[in-house]
Number of protein chains: 2
Amino acid sequence: MGRHREFDVERALDAAMCVFWRKGFEGASYADLTEATGVERPALYSAFGNKEALFRRALARYDERYLGYIPEALRLPTSRQVVAHILYNAADLNTRYPDHKGCLGINGALAVSDDAEPVRQALIDFRAAGQALLRDRFERAKAEGDLPETANPDTLAAFVLAITHGMAVQAKAGFSREKLEAVAEQALSTWPEAGAKSAT
Amino acid sequence: MGRHREFDVERALDAAMCVFWRKGFEGASYADLTEATGVERPALYSAFGNKEALFRRALARYDERYLGYIPEALRLPTSRQVVAHILYNAADLNTRYPDHKGCLGINGALAVSDDAEPVRQALIDFRAAGQALLRDRFERAKAEGDLPETANPDTLAAFVLAITHGMAVQAKAGFSREKLEAVAEQALSTWPEAGAKSAT
DNA sequence: GTGGTTTAATAACGATCGTTATGGAAATGA
DNA sequence: TCATTTCCATAACGATCGTTATTAAACCAC
């Protein structure tokens with residue numbers, strides 16, 4: 001019983017996510033959030049909890065709505081294809097929306113006040129989870145002979161994510177999609193092949 | 001005429017720089033700044049101007065005190081040495097101080113509120129200046145036959161800086177120096193050589 | 001209808017933000 | 001020694017921060 005909710009929770013969450021994507025957790029104020037969602041503050045609190053909880057919901061939504069290319073990539077047959085798929089999709093996503101460039105996982109909270117430390121840590125964990133998936137995939141590639149015996153899956157995963165993080169920073173700085181794709185291509189040129197003499 | 005300043009301006013600036021390095025422009029409050037510098041608010045204002053001006057002074061100081069390895073790198077004989085010097089020094093700097101990891105040029109302001117947009121733009125320009133120096137150095141390397149004719153200096157510079165930005169993000173997330181060095185090594189692993197078949 | 005329950009909107013909460021007026025102490029030059 | 005100048009420190013400024021009472025409106029069951 002009782003009065004029904006008038007606004008669309010999912011739609012409000014999408015709008016809030018875009019605000020965080022653009023301004024980060026601390027840079028986004030409730031004034032921004034109410035304007036973007038069209039929902040007044042108390043309604044946001046009743047629907048999502050406080051700002052940190054709202055951000056975590058937004059991050060989860062970002063993951064499922066925009067980062068689907070990662071599990072997609074992991075299913076590709078070769079490690080090189082995996083990396084190419086990730087890098088080119090990252091270049092695309094980071095430049096697709098002029099109003100919120102870069103990556104929420106980076107923009108969200110990099111260096112923050114003490115109050116926002118839990119959010120910063122949540123993003124660190126979020127990125128670490130992606131890196132672990134990639135590392136496991138490279139372990140498999142090594143076992144399959146798709147990567148040389150000398151390859152270090154953990155380092156390779158860190159390398160690929162370093163590239164995506166760098167591209168995210170550059171996208172937020174206004175780099176074009178073409179420029180990011182060129183960076184991705186350069187990164188791919190260093191990729192070790194099964195029979196090669198790679199050092200790592 | 002008049003009383004003399006009691007605190008050391010340079011020392012206060014160093015302390016303020018470390019606060020910005022750790023928490024970024026918006027994450028650093030005047031409470032943080034006065035505590036770190038031991039200087040009360042009005043004295044900071046009279047010595048440096050407002051918060052934005054203080055940050056710009058801190059950024060300039062960061063440049064001259066910690067980024068000297070970049071002009072140093074540019075003077076090395078080969079492009080590969082240039083890149084190696086930059087990447088390994090970045091790995092070192094980003095992990096040297098446990099209390100302010102990463103890079104001020106990245107931590108300072110990535111995604112911020114509207115009020116801090118000028119500072120964010122200043123950091124974009126700051127990074128772009130470094131990238132331009134590197135691009136010019138690669139132009140020279142190309143002219144000298146140190147890089148293949150097919151090499152794209154602008155792309156290579158963007159690639160190298162993408163790596164440094166990615167390492168800065170990872171350092172802020174707690175990655176060890178050794179891990180960042182491994183990422184640097186991977187990035188260097190197939191640097192285009194003069195007689196090679198590089199695609200870019 | 002009517003009562004009970006949930007949502008919506010206005011407005012205010014205390015705290016902190018960056019910034020500055022104020023008053024007095026300290027150091028200078030005459 | 002005195003007048004002047006500059007700096008230091010306390011405290012307050014208006015604005016905004018995230019958060020929440022409070023009150024009015026809309027719904028469902030009875």
Side-chain angles (χ1 to χ4, degrees), chain A residues 1-13 15-17 19-20 22-59 108-109 111-122, chain B residues 1-13 15-17 19-20 22-59 108-109 111-122:
Chain A
M1 41 206 330
R3 182 173 171 177
H4 299 322
R5 192 164 265 142
E6 282 183 356
F7 65 93
D8 184 338
V9 175
E10 304 294 309
R11 190 169 292 274
L13 184 54
M17 181 194 65
V19 174
F20 287 130
R22 175 175 187 189
K23 300 188 175 183
F25 174 71
E26 287 197 307
S29 70
Y30 265 93
D32 297 325
L33 292 169
T34 56
E35 181 184 354
T37 60
V39 175
E40 294 301 326
R41 273 171 254 224
L44 288 177
Y45 275 87
S46 97
F48 303 106
N50 68 3
K51 194 187 179 189
E52 178 175 339
L54 173 56
F55 179 84
R56 296 182 118 101
R57 287 282 304 271
L59 181 61
V112 296
S113 77
D114 295 339
D115 290 345
E117 272 296 317
V119 172
R120 187 177 79 87
Q121 193 58 50
Chain B
M1 21 87 121
R3 179 176 170 178
H4 289 156
R5 192 167 267 141
E6 280 184 358
F7 65 93
D8 185 337
V9 176
E10 303 295 308
R11 190 169 292 275
L13 184 54
M17 181 194 65
V19 175
F20 287 132
R22 175 174 187 189
K23 301 189 175 184
F25 174 71
E26 286 196 308
S29 70
Y30 265 93
D32 297 324
L33 293 169
T34 57
E35 181 184 354
T37 60
V39 175
E40 295 300 327
R41 273 170 253 228
L44 287 178
Y45 274 88
S46 98
F48 303 107
N50 68 4
K51 193 185 180 190
E52 177 175 340
L54 173 56
F55 180 84
R56 296 182 119 101
R57 287 283 303 273
L59 181 62
V112 295
S113 76
D114 295 339
D115 290 345
E117 273 295 318
V119 172
R120 186 177 78 88
Q121 192 59 49

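Chain A is the first sequence line, chain B the second, and so forth, proteins listed ahead of strands; every chain is numbered from 1.
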Anything under 30° is parallel, anything over 60° is perpendicular, the rest tilted; go ahead and classify F55(A) against F20(A).
perpendicular
How many whole angstroms separate atom CG of L44(A) from atom P of dT7(C)?
14 Å
Between dT19(C) and Y45(B), is there an OP1 or OP2 to side-chain N/O distance shorter than 4.0 Å?
yes
May I ask you to evaluate whether N50(B) reaches the phosphate of dG18(C), defined as a side-chain N or O under 4.0 Å from OP1 or OP2?
no
Between CD of E40(A) and P of dG18(D) the distance, given in whole Å, is 15 Å
Gap between atoms CG and C1', on D32(A) and dT16(D) respectively (whole Å):
12 Å
When the distance from CZ of R3(A) to P of dA29(D) is rounded to whole Å, what number comes out?
17 Å
Between dA9(D) (C1') and R41(B) (CZ): distance, integer Å
12 Å
Of N50(B), V9(B), L33(B), the residue whose pairing with L44(B) passes side chain to side chain contact (heavy atoms under 4.5 Å, CB included)
L33(B)
Whole-Å distance between dT16(C) C1' and E26(B) CD?
14 Å
To the nearest Å, how far apart are E52(A) CD and dT19(D) P?
9 Å
Given side chains that start at C-beta, do those of F25(A) and V112(A) come closer than 4.5 Å, heavy atoms only?
no
Contact under 4.0 Å: S46(A) side-chain N or O vs dT7(C) OP1/OP2:
no
Pair R22(B) + D32(B): basic N to acidic O under 4.0 Å:
no
Side-chain N,O (H4(B)) to OP1/OP2 (dT28(C)) below 4.0 Å
yes
Upstream residue (5' side of DNA chain D) when F7(B) and D115(B) are each assigned their closest nucleotide
F7(B)
Counting any heavy atom closer than 4.0 Å, what does A28(B) reach on the DNA or RNA strands: base, sugar-phosphate only, or nothing?
sugar-phosphate
dG18(C), dC8(D), dA9(D): which one has an atom nearest the side-chain heavy atoms of P42(B)?
dA9(D)
Please state how far atom CD in E6(B) lies from atom P in dT6(D), giving the value in whole angstrom units.
16 Å
Below 4.0 Å: OP1/OP2 of dT19(D) and any side-chain N or O of Y30(A)
yes
Above 12 or not: heavy atoms from other molecules or residues under 6.0 Å from CZ of R5(B)?
yes
